[in-house]
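Quantities reported herein were computed from a predicted structural model and do not represent experimental measurements.
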Amino acid sequence: MENQNTFKERLEALKLAIKWTYKSSKLLTIIIFAVTILGGLLALVEPYVFRVIIDFLVGESELSLAAKFGIGLAGILAVYGVARILQSIMWDSQTIIKKIHSQKLDKYVAEETMNKVSSLDTVYFEDPEYYNTLQKANENLWRVNEFFWQFSFFLGQFVSLVAIIGALFTLNYLVVLLILIASLPSIMIIFRKTKVQWGIFDTYSPLSRQANYYKGLMMDRPDAIKEIKLFGLKNYFLGKFDSLFGEYIEKQERAAKKEFIQLIFIGILEGAFSVLAAWIVVREFLNGKITIGQLTFYWALLFQFAEHARYMVRQLGALNETATFITPFVKIKEFKPIIKDGKRKFPERLKEGIEFRNVTFYYPRAKTPALKNFNLKIKSGESIALVGENGSGKTTVIKLLTRLYDVTEGEILIDRINIKEYSLESLYDNIGVIFQDFMKYEALIGENIAYGRLKDLRKKKSIHDASVKAEAWDFIKDLEDKYRTHVGKTLKEKGTELSVGQWQKIALARAFFKDAQVICLDEPTAAVDAKSEYRLFQKFEKLTRNKSTILISHRFSTVRMADKIFLIEKGKIAEYGNHRELIMKNGKYAKLFRMQAEGYREDFSK
């Protein structure tokens, strides 16, 4: 569990919320705060007008507004009417402006957060501590907008309170002192409540994330529903969800009961002090120090003061709670890139190629290395294949080459220059990748392919050429709208659903469309039908000509066409050579190849 948020952290959170509120719409923010302040000052108008009317009616003319300004009862009522109209107009206009401003603020906060989070390194998403902070921020996005409403309301209450205090001080400072003292327990308890609420949230945030995982499986994942039904997992997952959330709710209930008892105590205390303050006002009237009009004025102010003080304390607590819950945003803003950008441009054409030299790499919090003293050379224009068991380190090679991570020890050289010296943009532009967990973007098929090199989005011929290379055109040509077909149904109800194999062809076309110098293909045909796979690898040499290619596959029939094959075991290269050489060595590769081949022979011998 993290330590409780410090006052400094909460203050920084409030400053960030104010900054985002102002930047989302400067003009609307200024208008809202101006209207709020003016509305707060108008709190004195109504009780003061009533005082004047009563004094006027009972003949206290020396104190009446009529005597001072030479106006009658109609004039006094007119002043009151103008004040009421202004209050009504300001309240309604403020509500309308806030709605518009809230939308602008939601958009601004979402864009700021998406921009920051999407620029973070991969390590932030794979490290539990960092990821929990990201999750907390995501769950509390709405609180930034909530802060805006709370702060504007708090400001209005504060202005009203200051105006009322000024008026009550003219009567007796003890009235103000009594109600302020009555408010102190509320302040302490509310701050204590926030601390408890954050403690519960902070402790149970990982459990909430786990519970939401099961909720997502059963509500947002059509691909999971099939297995949940067929394996009878519904009740099991419901039980998981119930137990994870049950503990969280139980803790909240205990905190709520304790808070309820404290609020009863506060109510009694505030009531007692309010009675004392009221007695002071009545005593002043009985002693002849104030008129009947002033009595009604101060009496109204007394209860307004009590109400404003109570609401202001509540809002102060709400602001403290909001500040506490948006501290993850402050922490995210402080996250710094771990992968440092270089300045060199990637070579226009590779000459020496790529070299992994004595590379050791540990994933965050891992105790054993994914790669250990790993050495590998890939010549310019050479195609290599990486084979080995799951978890041997094959995909890690691609992640390090694309600088999703940096090596723990050793170095990666591109044309004899450390990869860290190249700019990330230049590196990304020159490496095309398809991972085995490729993305399924809900967009037009043409856009999906063009995401490989977005600046060439309008190059229709290049999009088509890439789809032909990836064998995707075979199914695209049968679609009514061809490349204008929207895939997926989350964004559009009439979107077209693709099979896993079709999606993989789209992902492969995306890699080919990028037309990069280096191509990394991680299980590129795992879901592709046998016919398409055969045709793809028949033209493999043509597709990868003049490109440095890294191919990862468990199918030995696929990797045999590579110039060199590297067998990786426990993060090290165990064997290497071309297919024929490795078969002749009669080592681990040859054994695994024969095991796969034997399965096919048995099928044909039956």
Side-chain angles (χ1 to χ4, degrees), residues 118-124 126 336-364 369-386 388 392-435 452-456 510-522 543-552 562-566 568 571-573 576-578:
S118 62
S119 66
L120 295 176
D121 299 319
T122 310
V123 64
Y124 285 103
E126 297 190 0
K336 303 296 181 184
I338 297 170
I339 307 297
K340 303 298 181 183
D341 204 357
K343 295 182 178 179
R344 281 181 177 270
K345 285 190 175 182
F346 200 90
E348 290 187 9
R349 185 175 181 82
L350 285 176
K351 296 177 181 177
E352 300 295 329
I354 301 165
E355 180 181 358
F356 284 66
R357 183 181 292 177
N358 299 321
V359 168
T360 296
F361 174 70
Y362 288 82
Y363 280 103
L371 297 176
K372 179 73 172 176
N373 295 327
F374 184 83
N375 291 281
L376 172 68
K377 288 184 179 181
I378 308 168
K379 295 177 183 177
S380 176
E382 183 179 39
S383 64
I384 71 157
L386 303 179
S392 59
K394 304 183 297 297
T395 301
T396 301
V397 172
I398 295 178
K399 289 181 177 179
L400 293 176
L401 180 59
T402 52
R403 290 201 72 197
L404 295 178
Y405 296 91
D406 273 338
V407 300
T408 307
E409 296 175 10
E411 57 183 348
I412 300 173
L413 306 175
I414 295 177
D415 275 0
R416 296 186 178 181
I417 295 172
N418 194 306
I419 194 172
K420 295 179 182 179
E421 294 188 29
Y422 293 106
S423 76
L424 291 172
E425 183 180 356
S426 178
L427 181 72
Y428 298 156
D429 279 344
N430 285 275
I431 301 180
V433 183
I434 172 175
F435 286 107
R453 189 179 289 272
L454 201 56
K455 64 183 181 182
D456 294 333
R510 192 157 54 238
F512 286 139
F513 180 77
K514 191 167 189 177
D515 195 28
Q517 289 195 63
V518 181
I519 300 178
C520 303
L521 306 173
D522 189 354
L543 293 173
T544 59
R545 188 174 296 154
N546 298 322
K547 299 181 185 297
S548 301
T549 307
I550 300 175
L551 173 65
I552 297 176
D563 297 327
K564 284 184 183 176
I565 301 168
F566 295 82
I568 302 179
K572 293 184 177 182
I573 294 174
Y576 70 93
N578 60 37

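A donor-acceptor pair is defined here as one N or O able to donate and one able to accept, closer than 3.5 Å; such a pair exists between the side chain of D121 and the backbone of I338. N375 contributes a side-chain N or O that, together with a main-chain N or O of N358, makes up a donor-acceptor pair within less than 3.5 Å. Side chain of S426 to backbone of S423: no donor-acceptor contact under 3.5 angstrom is found. When atom types are taken as modelled, the side chain of T360 and the backbone of E409 share no donor-acceptor pair closer than 3.5 angstrom. Checking side-chain atoms of K394 against main-chain N and O of G388 turns up a donor-acceptor pair under 3.5 Å. Not a single donor-acceptor pair under 3.5 Å links the side chain of T396 to the backbone N or O of A370. For the pair D563 (side chain) and S383 (backbone), a donor-acceptor distance under 3.5 Å is present. Side-chain atoms of D522 do not come within 3.5 Å of backbone N or O of I552 as any donor-acceptor pair. A donor-acceptor contact shorter than 3.5 Å is absent between the side chain of R344 and the backbone of Y422.
Separating the CG atom in N373 from the CD1 atom in I573 is a distance of 11.5 Å, to the nearest 0.5 Å. Going from atom OG1 of T549 over to atom CD1 of I519 covers 5.0 Å, rounded to the nearest 0.5 Å. Between L521 atom CG and L551 atom CG the span is 6.0 Å, to the nearest 0.5 Å. One distance of note links CD of Q517 with CD1 of I414; it measures 9.5 Å at 0.5 Å rounding. Between atom CG of residue L427 and atom NZ of residue K420 there is a gap of 13.0 Å, rounded to the nearest 0.5 Å. F513 CZ to L454 CG: the interatomic distance, rounded to the nearest 0.5 Å, is 9.0 Å.
Looking at heavy atoms from C-beta onward, E352 lies out of side-chain contact with K379 at the 4.5 angstrom threshold. With a 4.5 Å cut-off on side-chain heavy atoms, L386 and I398 do not count as touching. Counting heavy atoms from C-beta on, the side chains of R349 and N546 come closer than 4.5 Å. For the pair I412/N418, no side-chain contact is recorded, criterion being any heavy-atom separation below 4.5 Å from C-beta on. Contact annotation: the side chain of I384 never approaches that of Y576 to less than 4.5 Å [non-hydrogen atoms, C-beta and beyond].
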Worksheet item: Is there a side chain to side chain contact (heavy atoms under 4.5 Å, CB included) between V407 and F356 once you walk through the steps?
Response: CA-CA 10 Å; V407 300; F356 284 66; 5.8 Å; no
Worksheet item: Are F361 and K372 close enough, and set up right, to give a side chain to side chain contact (heavy atoms under 4.5 Å, CB included), and what steps lead you there?
Response: CA-CA 7 Å; F361 174 70; K372 179 73 172 176; over 6 Å; no
Discussion item. For Y363 and Y405: C-alpha separation, side-chain torsions, deciding distance, then whether ring-ring contact (aromatic ring centres under 6.0 Å, His included) applies.
Written reply: CA-CA 9 Å; Y363 280 103; Y405 296 91; 5.3 Å; yes
Worksheet item: Does the side chain to side chain contact (heavy atoms under 4.5 Å, CB included) test come out yes or no for L376 and I378, once each step is laid out?
Response: CA-CA 7 Å; L376 172 68; I378 308 168; 4.2 Å; yes
Practice prompt. Start with the C-alpha gap between N578 and K564, add the side-chain angles, then the distance that decides, and say whether side chain to side chain contact (heavy atoms under 4.5 Å, CB included) holds.
Written response: CA-CA 4 Å; N578 60 37; K564 284 184 183 176; 5.8 Å; no
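Across D415 and L350, no two heavy atoms sit closer than the pair OD2-CA, 3.7 Å. When all heavy atoms are compared, the tightest approach of I431 to C520 is CG2-SG, 4.0 Å. Here the shortest heavy-atom pairing between V359 and E411 reads CG2-O, 3.4 Å. In terms of heavy atoms, L371 sits closest to L400 at CD1-CD1, 3.6 Å. Closest approach of S380 and S548 over heavy atoms only: CA-OG, 3.6 Å. Considering all non-hydrogen atoms of both residues, R453 and K514 come closest at NH2-O, 2.6 Å.
Every residue two or more places apart in sequence or in another chain that forms a side chain to side chain contact (heavy atoms under 4.5 Å, CB included) with E355 is listed here: R357, K377, L413.
Remark: D515 engages K547 in a salt bridge, criterion side-chain N to carboxylate O under 4.0 Å.
More than 12 heavy-atom neighbours from other residues, nucleotides or ligands sit within 6.0 angstrom of CD on E421.
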